[in-house]
Amino acid sequence: MASTALFPSASLHRLSFAAAAAATGGSRHGLRTPLARGSRVSMSAMSVGSTAVSAVDDVLFSDYKPSSAFFFPGQGAQAVGMGKDAQGVEAAAELFRKANAILGFDLLDVCANGPKEKLDSTVISQPAIYVTSLAAVEVLRSRDGGQNIIDSIDVTCGLSLGEYTALAFAGAFSFEDGLRLVKLRGEAMQDAADAANSAMVSVIGLDSEKVQLLCDAANEEVDENEKVQIANFLCPGNYAVSGGVKGVEAVEAKAKSFKARMTVEFALQLIVEDWYKIKLCRNVFKSITVRLAVAGAFHTKFMEPAVSRLEAALAATEICSPRIPVISNVDAKPHANPDIIKKILASQVTSPVQWELTVKTLLGKGLKKSYELGPGKVIAGIVKRVDRGAEIENISA
């Protein structure tokens, strides 16, 4: 789709969403598009005045000013027992029933009862977190004042997998289409991981520049197919490095020479929040690297075999311009053009996650209140690491 300046002003942008709201009986921020029963507003079918809207300029959200945000977690936030609390809300329970038909198994049973090893697998955990996170939206909606909070959200984003959840909430695609994409994404990433001897490790206590130097030093000692890179710029003092197992082992061996230090406070925070569901060893207060319990080197070239499968699935999926900005993991910017969103999602699995930049940008633009929707409190901990004064609330399901 060509990128043309069809929305030259914010007023036209507001008019377009007013038209969408009128067509669905909702409001700009109150549309139930992510969970609507088969309903969707196509931007290509809308018009503003006498001008037909056949494309959406990708700079539509370039001047966004966030005040209230939804954050959605990524893989690693899962825990046995999640999803149980949501069953008391019919709209949330319905999502799990819909998921069963798409996935071909009882998702709630795995979420609620495990076993943990099954829930932790990439092919299960990604759909499980996606569904549970959107169920949390319905849990919030059912509370007094919950709909008002949902209506107030003017920006959203998600950590890796969570970007799909954010796009579903913002109405870029339906709940069902999003789940099909997430299912395929998990399968493709698992297959790519199985085809390579790779790993991820969290480096704690170093700034990003020193972590890059650490990667450079490790890469000098390994073959090209074992090299490592920063895969997740999570938050100050915590960066995930991905690559071949030998490269990761070199990072672990060299890390202490960089004189990183895990503070007692941060170590306790990791334990309390159970970030990435890692098990810290007994000498946790001396450790500066923690191997992550994931299938392989996510967000690196090791995931390239998954890209073509994602591209094909995305090409066959109807994606609309989101009704609110969705911040991309790849460049920490919002995108409105559906074709660009598809390209971003395909490249996301091989691109470093710019989560620290995303959070800093949102806070720098004036974000006042945010909510983490879904299992765990990983994102709340990250936001607090970036800014202790940031206001964030967890809505679980």
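Along the sequence shown, residues carry numbers from 1.
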Handout entry: Stepwise salt bridge (Lys or Arg N to Asp or Glu O under 4.0 Å) check, Arg180 with Glu176
Key = CA-CA 6 Å; Arg180 292 185 185 97; Glu176 293 86 351; 5.9 Å; no
Problem - Stepwise side-chain contact (heavy atoms from CB on, under 4.5 Å) check, Gln126 with Ser160 - result: CA-CA 10 Å; Gln126 293 198 20; Ser160 189; over 6 Å; no
Problem - Pair Lys210-Asp207, salt bridge (Lys or Arg N to Asp or Glu O under 4.0 Å): steps then yes or no - result: CA-CA 6 Å; Lys210 289 182 179 178; Asp207 60 32; 5.0 Å; no
Practice task
Please step through side-chain contact (heavy atoms from CB on, under 4.5 Å) for the pair Asn232 and His299, ending with a clear verdict.
Solution key: CA-CA 8 Å; Asn232 192 333; His299 300 291; 5.6 Å; no
Exercise for the section: Show the numbers, then the answer: is there a side-chain contact (heavy atoms from CB on, under 4.5 Å) between Asp151 and Gln147? Expected result: CA-CA 6 Å; Asp151 292 346; Gln147 185 63 56; 2.8 Å; yes
Practice task
Walk me through it: do Lys246 and Glu249 pass the test salt bridge (Lys or Arg N to Asp or Glu O under 4.0 Å)?
Solution key: CA-CA 5 Å; Lys246 289 184 179 179; Glu249 289 173 346; over 6 Å; no
Practice task
Applying side-chain contact (heavy atoms from CB on, under 4.5 Å), run through Val203 and Ile230 and close with a yes or a no.
Solution key: CA-CA 10 Å; Val203 180; Ile230 301 176; over 6 Å; no
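Counting only heavy atoms from C-beta outward, the side chains of Leu159 and Leu234 approach each other to under 4.5 Å. Side-chain contact check for Cys111 versus Val131: every heavy-atom pair is 4.5 Å or farther apart. Proximity of Leu362 to Cys157: side-chain heavy atoms (C-beta onward) are separated by under 4.5 Å at one or more points. With contacts defined as side-chain heavy-atom distances shorter than 4.5 Å, the pair Val326/Pro334 does not qualify. You'll find the side chain of Phe233 stays beyond 4.5 Å of the side chain of Leu357, heavy atoms only. Two residues are said to be in side-chain contact when any heavy atoms from C-beta on lie closer than 4.5 Å; Asp194 and Gln190 meet this criterion. Contact annotation: the side chain of Asn219 approaches that of Val228 to within less than 4.5 Å [non-hydrogen atoms, C-beta and beyond]. Contact check for Leu345 versus Leu167: side-chain heavy atoms found under the 4.5 Å cut-off.
Listed by chain and number, the residues in a side chain to side chain donor-acceptor pair (under 3.5 Å) with Asn100 amount to none (sequence neighbours excluded). For Tyr371, the ring pair (Phe, Tyr, Trp, His ring centres under 6.0 Å) partners are Phe70, not counting sequence neighbours.
Defined by atom type and a distance below 3.5 Å, a donor-acceptor pair is present between the side-chain atoms of Asn238 and Ser202. Remark: the Asp154 side chain and the Ser67 side chain contain an N/O donor-acceptor pair separated by less than 3.5 Å. Side-chain contact annotation: Gln212 with Tyr239, donor-acceptor N/O pair under 3.5 Å absent. Using a 3.5 Å distance cut-off with no hydrogens or angles, the side chains of Asp331 and Gln354 do not pair a donor with an acceptor. Between Gln75 and Thr122, the side chains place a donor N or O and an acceptor N or O closer than 3.5 Å (distance only, hydrogens not considered).
Here the shortest heavy-atom pairing between Ser125 and Leu119 reads CB-O, 3.1 Å. Considering every non-hydrogen atom in both Ala135 and Ala92, the closest pair reads O-CB, 3.7 Å. What you find for Phe298 and Ser242 is that their closest heavy atoms are O-OG, 3.2 Å. Between Ala193 and Met303 the shortest heavy-atom distance is N-CE, 3.8 Å. Nearest heavy atoms, Cys320 versus Gly171: CB-O, 4.2 Å. Taking each heavy atom of Ala196 and Phe302 in turn, the nearest pair found is CB-CD2, 3.7 Å.
Ring pair Phe169/Phe72 is tilted by interplanar angle, where 30° to 60° counts as tilted.
Under the side chain to side chain contact (heavy atoms under 4.5 Å, CB included) test applied with Gln348, the options Val353, Asn329, Leu310, Val307 reduce to a single match, Asn329.
Heavy-atom neighbours of Lys342 NZ from other residues, nucleotides or ligands within 6.0 Å: above the threshold of 12. The environment of Lys343 atom NZ is sparse: at most 12 non-hydrogen atoms of other residues, nucleotides or ligands sit within 6.0 angstrom.
Under the 3.5 Å distance criterion, the side-chain polar atoms of Glu372 are matched with a main-chain donor or acceptor of Ala380. Judged purely by atom type and a 3.5 angstrom limit, Thr350 uses its side chain to pair as donor or acceptor with the backbone of Ser347. Between the Asn394 side chain and the Gly376 main chain, a donor and an acceptor come within less than 3.5 Å of each other. Tyr164 contributes no side-chain N or O that, together with a main-chain N or O of Gly158, makes up a donor-acceptor pair within less than 3.5 Å. Remark: the backbone N or O of Val245 is not paired with any side-chain donor or acceptor of Asn197 at under 3.5 angstrom. The closest donor-acceptor contact from the side chain of Lys65 to the backbone of Lys365 lies at 3.5 Å or more, if one exists at all. Looking only at distances, no side-chain donor or acceptor of Lys369 sits under 3.5 Å from a matching main-chain atom of Ser68. Between the side chain of Glu138 and the backbone N or O of Ala91 there is no donor-acceptor pair closer than 3.5 Å.
The hydrophobic cluster containing Val123 also contains Leu161, counting ILVMFWY residues as joined when their side-chain heavy atoms lie under 4.5 angstrom apart, directly or transitively. Side-chain heavy atoms closer than 4.5 Å link hydrophobic residues (I, L, V, M, F, W, Y) into clusters, and following such links, even through other members, never connects Val89 to Leu134. Linking ILVMFWY residues whenever their side-chain heavy atoms come closer than 4.5 Å, directly or via other members, places Val182 and Ile319 in the same cluster. Both Ile102 and Phe173 belong to a common hydrophobic cluster when Ile, Leu, Val, Met, Phe, Trp and Tyr are linked at side-chain heavy-atom distances under 4.5 angstrom. In this structure, Val139 is not a member of the same hydrophobic cluster as Leu107, with clusters built from ILVMFWY side-chain heavy atoms closer than 4.5 Å.
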